[in-house]
Asker: 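Okay, here's the structure, questions in a sec.
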Amino acid sequence: MSLDNAIHALSNINAFLGSTNGYINATQNGVPAGNALMDFGFNVMNGVIRNKAAEDIQHRTGSYIGYAINSAAGYGNPIANYNGTMGLIGASMLTSPFGIFGCGFNPYMTSSIYGCGPFFGGFFGGGCGCGNFFGGPSIFATRGFWC
């Protein structure tokens with residue numbers, strides 16, 4: 001197992017353990033078990049998506065800043081989810097403005113004026129959709145309106 005794979009796996013384990021801790025705290029504070037379980041699932045999902053974004057930053061740039069942000073923000077509660085997500089959006093913009101606004105893995109937004117936007121592949125890029133009107137990925141579909 002490479003260092004990159006180990007860091008990614010350990011970050012996902014950390015997300016699961018932090019979410020488990022959040023579930024335990026919620027049930028001890030009187031939150032109904034169903035609500036706490038739903039929050040647990042959301043927190044795990046958020047952590048996995050954040051770790052995938054951190055992996056994408058690492059693959060594109062060689063920097064482990066995404067994992068550092070996730071580690072600093074923590075996992076398992078709404079405040080950690082917000083701080084981690086906002087930190088990763090900022091890191092994506094700093095490491096590559098086309099990473100968050102372009103064709104790459106992008107859990108936060110899918111349309112853009114830079115790369116694969118909803119109108120003819122974006123205003124500044126060639127796009128990566130089927131090439132007709134609303135051809136690239138958009139907020140409405142992975143391949144745009146008409147693809």
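Keep in mind the model is a prediction, meaning the values are calculated, not measured. Sequential numbering from 1 along the given sequence is applied to the chain's residues.
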Asker: Identify which one of I69, I57, D4 satisfies the side-chain contact (heavy atoms from CB on, under 4.5 Å) criterion when paired with Y64.
Answerer: D4
Asker: On a heavy-atom basis, which atom in A80 and which in R50 lie closest, and how many Å separate them?
Answerer: O-NH1, 3.4 Å
Asker: Keeping T27 on the side-chain end and I24 on the backbone end, is there a donor-acceptor pair under 3.5 Å?
Answerer: yes
Asker: Would you say the side-chain atoms of N51 pair up with the backbone N or O of G47, donor to acceptor, closer than 3.5 Å?
Answerer: yes
Asker: Are L37 and L17 co-members of a hydrophobic cluster defined by side-chain heavy atoms under 4.5 Å apart?
Answerer: yes
Asker: Near I79 CD1, under 6.0 Å, is it more than 12 heavy atoms from other residues, nucleotides or ligands?
Answerer: no
Asker: If two hydrophobic side chains count as joined below 4.5 Å and joins carry through other members, does V48 share a cluster with I13?
Answerer: yes
Asker: Strictly distance-based, threshold 3.5 Å: is any side-chain N or O of N70 a donor or acceptor partner for the main-chain N or O of A54?
Answerer: no
Asker: When clusters are formed by joining ILVMFWY residues with side-chain heavy atoms under 4.5 Å apart, either directly or through shared neighbours, do M38 and Y75 land in the same one?
Answerer: no
Asker: Please report the interatomic distance CG(N81) to CD1(I49), rounded to the nearest 0.5 Å.
Answerer: 10.0 Å
Asker: Is the backbone of L88 close enough, under 3.5 Å, to the side chain of S92 for a donor and an acceptor to pair up by distance?
Answerer: yes
Asker: State plainly whether one hydrophobic cluster holds both F42 and Y23, where clusters connect Ile, Leu, Val, Met, Phe, Trp and Tyr through side-chain heavy atoms under 4.5 angstrom apart.
Answerer: no
Asker: Verify the neighbour count for atom CD1 of I65: are there more than 12 heavy atoms of other residues, nucleotides or ligands below 6.0 Å?
Answerer: no
Asker: Quick check on the hydrophobic clustering: are L3 and Y67 connected, directly or via other members, by side-chain heavy-atom contacts under 4.5 Å?
Answerer: yes
